[in-house]
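Each remark here refers to the structure printed beneath this line.
Computation of the quantities below employed the complete heavy-atom set of this structure, encompassing side-chain atoms and omitting hydrogens, waters and symmetry-equivalent molecules.
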Amino acid sequence: MVATAATSAFIPVPSPSPDSGAKATAKKLSNLGGMKSKSAGSSGGLQVKANAQAPPKINGTSVGLTTPVEGVRNECETSSPPPRTFINTLPDWSMLLAAITTIFLAAEKQWMMLDWKPRRPDMLIDPFGLGRIVQDGFVFRQNFSIRSYEIGADRTASIETLMNHLQESALNHVKGAGLLGDGFGSTPEMCKKNLIWVVTRMQVVVDRYPTWGDVVEVDTWVSPSGKNGMRRDWLLRDYKTGEILTRASSVWVMMNKKTRRLSKIPEEVRGEIEPYFMNSAPVVEEDSRKLQKLDDNTADYVRTGLTPRWSDLDVNQHVNNVKYIGWILESAPLPILESHELSAMTLEYRRECGRDSVLQSLTAVSGTGVGNLVNLDDIECQHLLRLEDGAEIVRGRTLWRPKYAKNFGTLGQVPAESS
Amino acid sequence: MLKVSCNVTMDQIALAQCGFLGRPMPLPAFTPRRKAAVSGRPLSKAPVLAVVSDRGGLGRAIVSGSGSLADRLRLGSLTEDGLSYKEMFVVRCYEVGINKTATVETIANLLQEVGCNHAQSVGFSTDGFATTPTMRKLHLIWVTARMHIEIYKYPAWGDVVEIETWCQGDGRIGTRRDWIIKDCATGQVIGRATSKWLMMNQDTRRLQKVSDDVREEYLIYCPREPRLAIPEEDSSSLRKIPKLEDPAHSSKLGLVPRRADFDMNQHVNNVSYIGWVLESIPQEIIDSHELQTITLDYRRECQHNDVVDSLTSVEPVGDAEAVSKLQGTNGSAAGMENKEDLRRFLHLLRLSGDGLEINRGRTEWRKKPAR
């Protein structure tokens with residue numbers, strides 16, 4: 001795709017070409033014209049000549065420009081071995097190909113400089129924030145700017161936004177490492193064996209939520225988890241200040257997507273992914289307290305009739321993991337949401353659901369009980385997301401801190417920041 | 001310039017400015033600086049930096065001549081003549097739907113984002129509501145009246161799209177904002193959109209004519225000659241949308257707004273309505289077709305405890321002809337095809353309880369391209 005656009009931006013050959021090779025090619029092509037008319041079925045060559053001399057339109061006609069080139073390439077592949085007498089009248093295809101490649105590369109370079117005006121040096125490496133591998137190949141880093149529609153009611157990025165960024169950076173890591181088999185984080189060997197990763201556990205700790213316009217730098221890496229699991233960690237920082245905003249850690253196991261049974265990591269897959277495993281401690285200390293299962297009696301708040309919308313579904317028409325968090329919070333009591341912000345969350349994923357599922361979200365407030373919600377202490381809640389028939393989808397625990405708690409703590413630091 | 005979110009009181013604007021990091025009140029030392037930033041800024045094209053420095057949290061207001069980091073890294077900017085704004089976006093994995101391509105809601109969100117950023121970059125209401133200073137003084141806000149989006153080719157995960165947007169006056173009472181979406185890699189236009197906005201007094205909730213002083217404030221940023229993303233002859237963006245007949249062919253009842261649907265003023269985000277409209281499209285259309293065009297007329301706002309019904313019917317071709325054809329089918333919405341193999345539907349969103357109309361819509365669907 002890039003090469004295509006490069007061509008459209010670069011040709012007409014005669015005027016802006018800095019590459020003398022290209023001019024030579026143009027002459028050569030015009031010579032070709034005469035020869036080509038003799039041989040049969042080589043309209044590709046003729047077309048190349050014509051286009052080289054005519055300045056093409058840029059909009060949407062890049063397809064037209066590629067076709068003759070591809071025609072040339074196809075000719076090359078099929079014209080072997082030609083009869084001896086024929087060879088003498090054929091143009092030098094290898095020279096032609098080399099020239100075309102040079103044009104493409106030069107054009108790509110020029111296109112990159114024209115259209116992207118990098119404002120920072122690392123923009124050249126990662127202009128669209130697609131991420132890159134850092135730190136000896138183990139850590140993947142990607143920047144996200146918080147968009148206006150990603151912020152919640154209190155003008156900060158919602159927890160769903162942050163989780164979405166985690167998901168995106170994880171996929172881009174797999175892609176950047178060249179291990180993307182099918183677009184869902186399955187490596188090529190996994191695809192062959194019908195294996196997929198499923199998340200079983202997620203822990204997130206938020207120190208500060210970013211706001212609209214902030215740029216968040218996400219670092220992510222993988223480590224082994226037990227014999228047959230994988231752990232993926234994330235560290236989110238404010239790009240400008242380096243302040244740590246969020247830490248997250250997740251555990252994944254392998255499952256056969258046909259049988260839906262858990263699987264050991266096969267040797268071939270191990271060979272693919274082990275080179276990328278770091279051996280670091282989890283970025284979030286594991287909260288090993290058991291998550292209790294709520295029921296109608298133990299829950300303080302219940303929200304029923306939750307149904308997935310089209311936009312909640314992924315390609316397999318399963319609900320995206322991140323959406324569960326939104327549903328969990330649906331039954332969180334409004335007073336807590338208004339006075340507190342989510343500071344930590346532990347989730348255990350048990351089952352997935354699809355388009356036709358109808359879910360219920362249950363919440364129980366630990367400790368102080370329902371009567372004393374508006375206070376200045378941290379609040380802990382237990383959660384359950386289940387289907388109407390009782391089948392569990394997600395169990396969770398959340399910790400909430402008062403929204404303005406940090407202010408009182410950091411009063412001393414604020415004036416320094418303002419200079 | 002254009003409101004992209006819903007109502008906001010003056011208090012909330014001030015609060016938003018001051019309380020950007022979630023604090024309820026500004027610390028006294030910083031209040032004067034912030035208030036000056038809110039009200040007295042002279043409008044001009046040049047100082048992108050000065051404007052943006054007001055938007056962030058503490059500390060950014062002081063950085064002179066450099067703007068916020070996001071602004072420097074932002075992949076968007078005013079075009080050279082200052083009359084439109086372009087920005088590039090990469091499609092993220094979670095913005096992609098069942099077709100492996102961006103959903104129409106993603107596109108709508110990006111349109112909203114770039115509209116916001118345009119208003120920011122020319123210095124209008126730095127809190128993101130795109131009101132001119134005079135409007136703020138008079139408690140006026142923009143409300144969306146109509147949104148029309150056409151998508152010719154949906155981008156996939158990792159694709160980069162460039163969206164250009166501009167606005168201009170639209171008669172005496174409204175403004176319009178137009179967008180063109182291009183695929184960065186090919187330069188092809190993959191979508192177009194237009195929207196109509198009206199001015200409303202946020203206290204009385206009554207529509208108001210755009211006064212001359214307001215018009216002057218934003219007209220300097222608009223193209224001088226009418227520039228339409230969708231040329232006039234292709235007027236489905238202007239066509240009136242009839243109310244669909246009862247009973248509808250297909251429906252989804254009892255839709256409830258989620259927390260994520262609400263903006264900071266507890267009104268449902270414009271884009272959420274699109275999701276609701278799509279909820280009552282029959283499964284067989286979703287499986288075989290993709291959305292080509294959607295037109296939505298916004299009539300009434302939806303609040304927290306409202307419950308919404310989404311209704312869909314096949315759009316009648318012509319009066320008598322339509323009736324006989326409809327009676328011929330068994331009422332299923334997978335009914336009529338027209339010459340171009342497009343399926344056309346009419347939509348209605350209404351409150352469950354009293355049936356009050358929230359939105360009217362029309363959609364066109366084309367067969368999914370073979371992959």
Which heavy-atom pair separates [X] from [Y] by the least distance, and what is that distance?
{"X": "B:Glu105", "Y": "B:Val271", "result": "O-CG1, 3.7 Å"}
{"X": "B:Ser280", "Y": "B:Ser250", "result": "O-OG, 2.6 Å"}
{"X": "A:Leu313", "Y": "B:Ile98", "result": "CB-CG2, 3.8 Å"}

Out of A:Asp312, A:Asn320, A:Leu306, A:Val322, return the one with the most heavy atom pairs under 4.5 angstrom to chain B.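 Most heavy-atom pairs under 4.5 Å with chain B: A:Asp312.
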
Just give me the residue among A:Gln167, A:Arg303, A:Arg355, A:Glu330 that pairs up with chain B most often, heavy atom to heavy atom, under 4.5 Å.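 Counting heavy-atom pairs under 4.5 Å, the top option is A:Glu330.
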
Segment of [X] engaging chain A (4.5 angstrom heavy-atom cut-off):
{"X": "B:Val114", "answer": "neither"}
{"X": "B:Leu255", "answer": "neither"}
{"X": "B:Glu279", "answer": "both"}
{"X": "B:Val256", "answer": "both"}
{"X": "B:Glu162", "answer": "neither"}

Region of A:Leu337 that comes under 4.5 Å of a non-hydrogen atom in chain B: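 Interface part for A:Leu337: side chain.
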
Need one label for A:Asn164: side chain, backbone, both or neither, based on atoms under 4.5 Å from any heavy atom in chain B.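 Answer is both: backbone and side chain atoms of A:Asn164 are under 4.5 Å from chain B.
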
Which residues share a ring-ring contact (aromatic ring centres under 6.0 Å, His included) with B:Tyr273, sequence neighbours left out: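 Once residues adjacent in sequence are excluded, the partners of B:Tyr273 under the ring-ring contact (aromatic ring centres under 6.0 Å, His included) criterion are B:Trp276, B:Tyr298.
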
Would you call B:Arg92 and A:Glu150 a salt bridge, taking side-chain N to carboxylate O under 4.0 Å as the test?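 Salt bridge between B:Arg92 and A:Glu150, a charged N being under 4.0 Å from a carboxylate O: yes.
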
Check: B:Thr363/B:His347 side-chain N/O donor and acceptor closer than 3.5 Å: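 There is such a pair (donor and acceptor under 3.5 Å, judged by atom type) between the side chains of B:Thr363 and B:His347.
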
Under the side-chain contact (heavy atoms from CB on, under 4.5 Å) test, which residues partner A:Thr398, sequence neighbours left out?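 If we apply the side-chain contact (heavy atoms from CB on, under 4.5 Å) test to A:Thr398, skipping adjacent residues, the hits are A:Leu342, A:Met345, A:Cys381, A:His383, A:Trp400.
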
